[in-house]
Every structure is written in structure tokens, then in C-alpha cells.
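Okay, so here's the structure we're looking at.
Reminder, nothing fancy here: chain letters follow the sequence lines and each chain counts from 1. Remember, it's a predicted structure, so these values are computed and weren't measured experimentally.
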There are 4 protein chains.
Amino acid sequence: MTGTARRGRPRSEDADARILGAAQELLFARGYDRFVMDEAAVRAGVAKTTLYRRWPTKDHLLVALVAKVQDEVPVADTGDVRADLTVYLTAIATGLNRMRAVGRTGDRDDRSAGMVAELVAAAARHPDVGDAVRGLFARRNTLVLALLDHARERGDLRAGTSSTVLFDQLAGALYYRLLVTGEPIDAAYVRDLVDHALTGAAATPHPERN
Amino acid sequence: MTGTARRGRPRSEDADARILGAAQELLFARGYDRFVMDEAAVRAGVAKTTLYRRWPTKDHLLVALVAKVQDEVPVADTGDVRADLTVYLTAIATGLNRMRAVGRTGDRDDRSAGMVAELVAAAARHPDVGDAVRGLFARRNTLVLALLDHARERGDLRAGTSSTVLFDQLAGALYYRLLVTGEPIDAAYVRDLVDHALTGAAATPHPERN
Amino acid sequence: MTGTARRGRPRSEDADARILGAAQELLFARGYDRFVMDEAAVRAGVAKTTLYRRWPTKDHLLVALVAKVQDEVPVADTGDVRADLTVYLTAIATGLNRMRAVGRTGDRDDRSAGMVAELVAAAARHPDVGDAVRGLFARRNTLVLALLDHARERGDLRAGTSSTVLFDQLAGALYYRLLVTGEPIDAAYVRDLVDHALTGAAATPHPERN
Amino acid sequence: MTGTARRGRPRSEDADARILGAAQELLFARGYDRFVMDEAAVRAGVAKTTLYRRWPTKDHLLVALVAKVQDEVPVADTGDVRADLTVYLTAIATGLNRMRAVGRTGDRDDRSAGMVAELVAAAARHPDVGDAVRGLFARRNTLVLALLDHARERGDLRAGTSSTVLFDQLAGALYYRLLVTGEPIDAAYVRDLVDHALTGAAATPHPERN
DNA sequence: GGTTAATCGAGACGGTACGTCTTGTCTTAGC
DNA sequence: GCTAAGACAAGACGTACCGTCTCGATTAACC
């Protein structure tokens, strides 16, 4: 009843570390599609078996890797929604922009969605990877969504507003630019974005056509 | 007098048609990764050479295919921005939802981004495919952006508003749900989305634009 | 204590056997140029990788195959050079004649060098295949050359004679007919050949060796 | 009765010349298997059609080419069989040795049968090419065979001797070395060879064991 | 001088094998 | 039961080369 008794040789934590290290290095050097499991194993000084015992798939490994490597994005709730959102989204944007360059060989390819696109595809291929990715994002954004809820409670956001929909608009715009249009995502854009989302596009005089 | 005199045997338009037909059929039956060039060639009654002469890569072919197949989404400018946007975005959403199912074998996997994710990854892998995809989206959205511009000129949208940013918020939210969070994209969501974007999230009393 | 400790999974001897079996069957059914690696792999129930891990090329495989399959030609040293040579060369001729027919589809083509020509070409294309072939022939003929040496020691062959040159004349004539002139190689021819080689063509009265 | 009246545009003799020139150059630069029809056409400034209208196959073209290029080997009938044969065979050997080097890239590969092996294989693949090659060799050797006949009539060769068999021994040995054993074929070898063939290998005392 | 017919350059095409690549599994021996 | 090493199955990919075909443009010979 004590839980599962472990038998035999325990998994080497050293191997874990070496694998993740080598994998990260390789991923950032080559990019997603030119990342090769065989080479990752060799670089880590590990047998492929050891690698596949931990992650059932290249996709699983890389998603796990990115999840681990991903920057912790702190959320400060200062009471100024606009400012807090801007800071948070700028941090996200920075992270995304870094992902654009991963594995690209020198020549300018600023518009590429790079690794994020591959991760998204990986998530689409394996249901469980999808779950993991979604969980990852959910956890990451929990605090911001809470922040938005607080703002609404304080009266800084309109009552009828949905935190989710609002955040979809903001994060969505960033990912849309990254994955689809390839347009730049800089600080100015983030500021504009928050502005639009908070203020609304409709002309104020007649706030609602029915 | 108009152009370059063609030399040699011209490319068979018949082959083009047969390839695209067979490829589409195969793509929708199998999905992106189980789409096989060899079989596409056989089904089209065409040599693989003929296929690779036109598209240097499976990715190129499939992106071109989707570009061609993609539904024409009509844009009606009725003067009612909210309604026009809702209609347009609903059409887009319908298309995206259809892409979720492509190639899925029976088992429920509603949250998968399916083919769109693969196309996005393809665009990320090959710079030229990326260009094509971006051009495609640019062309597709030209009319809506114009519609938004008109609305602003009419005074239905605030003067300081950017059509691009506004549209990013809207389309972005859809793609974000499709590719990242996996949440459903239905008519109600689209309505909500347009609502938020037009009205803004900030509490109206003190419209804190600086 | 003897040698290198083997690491990793050892090569499957079963695979070796199945490959060679299937390949032989396929080769003799189809002939050299209609022998297809893909099919050989399938017939052997083996991945193509497994096949190419052993032989880097179709040429390599087929030469190795023929080397293995090649009839052991026994050499009997009865003390009667003429008879021994005749027996040996007849056996060789029989083998060569069999090779003429390999893979030929019904229609009479008796003059074709068939597979031997292809093997010779393969040997010419890859230096290492050439080495293998030469080694093969060297080993094969060792005993006959020894036999000739013994005969010379016994006084049955002239002292100044070279076993190599003598054998070149004999074997050479067979291969010349097979590969170049296409003329038949039957028992009568072999007898004639041995006769000429042993007796010499020059008129006996004045043996004009200088 | 004048023969077939030619209609339409006559074949360009210029094209013939350019093709053969370019083909020869390419063949000697690349060797048989890396000779590519496409490139031959380009180099000759000719369409592939033009090329295939003249020779139905790469094999046909190259055999025809070699036939044309092949050195005329003069046969002098001085009345000294031994000397005449030696001269003739040395000339042949020189030609064969030249063929060894064709298309070989710098690195030493003296033992390769080079192009001759490929020609022999080509002859084995297409019956008509085989006929052509055989005819070529037959014509080439007619004079030597006649020379041998004369020698026999003069009493310089034994009465029972067959010119064909004798010549098979001589030429065969050369080709055997070239195609099979890879051993060198130099002047000394040719002299030895003629010597053995004329004198015979059997010890003279008991010229014939029965 | 117009008609006819074969040739030419150019390059697409069908066919098909090749050898490579990568993934994920399996089999050894050793710890 | 884990590990290193590496063979293995599976299967798609893109390339290569051959020989054929389809254009439009020439180039004679015949009428």
C-alpha cells in the first residue's frame, strides 16, 4: 500500500540532465525539423532507448523541453490593468520573437514562425501532446486571467466583459502575427493592441448599434 | 507581341488538374502527414517527376493546394460593421472548423488544430512557402480591411483606430483558439468576440485613453 | 580474451540468410538489370536498411551473391594434366553456359554473355567490387595453378612454362567466347583448347624458340 | 529502282558530327556509366530527339562511338608468324590498356576493366548491339586469322591446328586479364603469351599422352 | 511558289529504381 | 530493471536517368 515498489536499477538523473541539455542545444542550433533523435542521443552520451523510455516521441520530448525552458513570465497586479497587460504581453512577445530565430541559418528570415509553428503542429498530431501544450498555456495564463477578473470586480473593466475573450484577442493577435501574417511584434504594436482592446473600436457617440 | 515565346513542350494543364484533384482527395482522406507523394502521383496518373517539376516539396504542393481550394469568403459591405464582421468571421470560423476534422480517423479529437497547424509549420520550414501563405492571407483579407477603413471614414469606428490591429484581434482570437487553446469556435463566440472588439473592455465612464 | 567485445545488437544471421535466398531467387528469375532492391527486401521480409547496411550497392550485393552461390569447382590431380585440365575447364564452361541463360525471357539469345557481363561491368564500376571479384577468381584458381606447377615438377610440362600464362590461355579463351565473340563453348571446344595449349601451334620439326 | 526517295528535311550531317564529337569527349571524361544522354545532347547543342533518332539507346550510341573511334590495327604478314602475332597483339593490348583509364578520376585504378566491361555488358543487354560488337570484332580479326591460315599452309603451323582456337587463346588471355583478373598486360606478357601458344606447354619428349 | 513531310531545338512527360533518411522498436551484453 | 550500442522494420522522400512525346519552327524536295 506504500505505492509502487521500485525494482531494479533506478533511472539515472544524470541521463535526464544530459539529455535535456543536449536536446536544447541541438534544438536551438538546428530547429525543430532538423532536430534528429539519433544525434540528440549521441550528443547526450545516451542510448536512444534511454531517451525513448522517458519520452515516447520526438514531439513529446521537444514539447517537454520547451515547456521546461520556457521563460517564467511574472504577472504583477498593480491595479493598473492597461500597464499590467502591456508588461505581460510584451514579455510574451519577446519570448515569441526569440522563437522565430531558432535554428534559422544566418540568412534573414524574420517573418518565420519558426519553432512555435512546429510545436503547434506537434500538438495537433498527438492528442496527449495537445493536452500538455494546452495545460501549459492554461497554467501560464491563469494569473493574467485572474488579474482581469480582479480588474472587473474593481470596476476597471466593464461588467459584461469576458476575461477569456479579452485575453484571446490580445494573445491571439500576437500568435496570429507570428504564425500567419509574419508581421513584426514589437513594443509599439503591443501598446496599440492593448489600447484597442480596452477602448474598443466603435465610435463612442452611439456605443451600440443593435 | 505580348510576351515570351514559349519553347518546348508546354506543361500539361490536364496534368495540373489531375494532380490537384487527386491530391485534394488524398489530403482530405488521409490528412497532412499520411499524405504520400507517391500515391498522389499514382492517383493522378502522373509520373512523380511531373509532380516535383511543379512543386519542389510535399509542403509546397499541399500549401498550394489549400490555397487553391480555400473557400472564397465573400465580404459584404452593408454599412453595418458589426454585422458585416460577424458574417465574415463566422465564415472563416466555419472553414477553420472544417480543417480540424481533415484526415482524422473517426476517433473524436475536436480540439486538434489538424491541418492548419501543419500548413503553418510548412510555412515555417520553407521561406518561400511562408511568402506564399502570407501573400494568400494578405489577398484574402484586403476587402475586410477596406471595409473597416470605410467604416472609420463614415464615423462608425473611432478615428484613432487601426484596421490592421482590429482585425488582428478578431482573426487572431480564432486562430489562437484553433492552434493553441483548442477551445471551440462557434457562432456565439464570434458574436462575443466582435462585441468585445468594437465596444472595448474598459469601463466606459472614464475612457482612460491618454 | 581473443578479440573485440561486440557491442549492440548483433547482425541477424537469419536476415543474411533470408536476403541471400530471396536475392538469388530474384536474380535468377529476372536477370541482373531487372533485379530490384526494393523487391529483394520485400521478398526477404527485411527492411531496405538492413540490406544496404550489408551491401552499399546493388552491384555489391549481386557480386557477393554470385560469389557465394558460385559452384565449387573441384580439382582432381590425377597425374594426367590433360585430363585434369579438361575436366576442370569443362566444369567452368558448364557454369558459364548456365549464366548465359539467367533472366532471359524465353526468346533465344544464346550468344548473350548475360549475367557474367553485368558482373564484370559491376566490378569495373566499383574498385572494391573489382577487388572482391579478383580475389574470388584468385582463390578459385589456386588449386589448378598448383596442379600445373606439380605437372611441371614431374616433367609433364616444359620447364620454361608459366602456369599463369598457360591458364590465362585456357580460361581466357572461354571468357573471350562468352563475353566477346559469343561463340558456343561446348565439350568439343574445351578438348580442342586443351590440346592446342599443351601441344602448341608451331610446327614441331623446328621448335623455333630462341 | 533508285532506292527510297527522301522526303522532308534531310538529317543534318552537322548534327551527326557534333554529337559524335561531344559524346566522345563526354565518354572519355566521365566513363560509361556516368555518361548521360541529356548532357551529351546539351554539349552537342542538339535536342535529345535528334540523338535518339540516330541511335535508339545509350548503349547503341556508345558502342557505335567506340566502333568509330577504335584504332585501326594494321596486320603485317611478313612470313614470321611469331613476330607478326606479337606486333598485332601488342597493338591490341595497347588499345585495351587505354580503355582501362577512361573516365577514371585521377586516383589509381589500374586494374579496372573500365569501358570494355561496360561495352560487353551493353552487348549482353541488346541482341542487336551484341551483333554489332561481334561483327566489329570479326571484321577486325579477319586479317589475323587469314595470316594464321597462310602460316599453316606454308607449314609454319601444325596441320591440325585451328586458327580460331589459337586466336581465342591469344586474344582471350588479354581480355581475361583485362576483364577478370585485372593483371597487367604489357609487352613482356604478350611475348610470353605468343611463345606459349606457339610452342605448347607439354614437355616435348612424349608429345601426347593419350 | 505553295504543299508536303521529315527534321530540329526545347523541354515536359511517364516510368521506375535508387539510395537516403528518420522514426520508433528490439536485441544483445553488462551493471 | 536500467544502460550503451547498434541492428532492425517501416516507409516516405527526392533524385536520377532513360527513352518518348508534343510543341513551334525549319528546311528541303516535289508539284
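Taking every heavy atom of residues 57-65 of chain B and every atom of DNA chain F, pairs under 4.0 Å involve B:T57, B:K58, by number. Residues from residues 11-26 of chain B placing a heavy atom under 4.0 Å of any atom in DNA chain F do not occur.
A salt bridge (charged side-chain N to carboxylate O under 4.0 Å, His left out) with B:R30 is found for exactly one of B:E118, B:E39, B:E25, namely B:E39.
By the side-chain hydrogen bond (donor to acceptor under 3.5 Å, both in side chains) test, C:R9 pairs with no residue at all, sequence neighbours left out. In this structure, D:R11 has no salt bridge (charged side-chain N to carboxylate O under 4.0 Å, His left out) partners at least two apart in sequence or on a different chain. Take A:D128 and apply the side chain to side chain contact (heavy atoms under 4.5 Å, CB included) test, not counting sequence neighbours, and it matches A:H60, A:H126. Remark: B:A47 engages B:T49, B:T50 in a side chain to side chain contact (heavy atoms under 4.5 Å, CB included) (not counting sequence neighbours). The side chain to side chain contact (heavy atoms under 4.5 Å, CB included) search around D:L119 returns D:Y32, D:V63, D:V66, not counting sequence neighbours. By the salt bridge (charged side-chain N to carboxylate O under 4.0 Å, His left out) test, C:R53 pairs with no residue at all, sequence neighbours left out. Every salt bridge (charged side-chain N to carboxylate O under 4.0 Å, His left out) that B:K48 has, sequence neighbours left out, goes to B:D38. Under the side chain to side chain contact (heavy atoms under 4.5 Å, CB included) criterion, B:A22 pairs with B:R43, B:A44, sequence neighbours left out.
Checking F:dT20, F:dT3, E:dT25 against every side-chain atom of A:Y52, the shortest atom distance belongs to E:dT25.
In this entry the distance linking CZ of C:R53 with P of F:dA10 reads 13 Å, nearest Å. In this entry the distance linking CZ of A:R30 with P of E:dT22 reads 9 Å, nearest Å. Following rounding to the nearest Å, C:W55 (CH2) and E:dC18 (C1') show an atom-to-atom distance of 17 Å. The interatomic distance linking A:M37 (CE) with F:dA10 (P) rounds to 21 Å, in whole Å. Here F:dT15 presents its C1' atom at 13 Å from CG of D:D38, a figure rounded to the nearest Å. If you measure from atom CD of D:E39 to atom P of E:dG11, you get 16 Å, rounded to the nearest angstrom. B:E118 places its CD atom 16 Å from the P atom of F:dA12, with the value rounded to the nearest Å. If you take CG of B:L51 and P of F:dC13, they are 10 Å apart, rounded to a whole angstrom.
For the pair C:G45 and B:P56, both in contact range of DNA chain F, the more 5′-proximal nearest nucleotide belongs to C:G45.
A donor-acceptor pair under 3.5 Å is absent between the side-chain atoms of D:K68 and the main chain of D:L20, judged by distance alone. Judged purely by atom type and a 3.5 angstrom limit, B:R125 has no side-chain atom pairing as donor or acceptor with the backbone of A:D33.
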ask   = Going 5' to 3' along nucleotides 21-27 of chain F, which nucleotides have protein heavy atoms under 4.0 Å from the base (write B), which only from the sugar-phosphate (write S), and which from neither (write -)?
value = BB---BB
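Regarding contacts with the backbone of F:dT3, a side-chain N or O of A:R54 is found under 4.0 angstrom from either OP1 or OP2.
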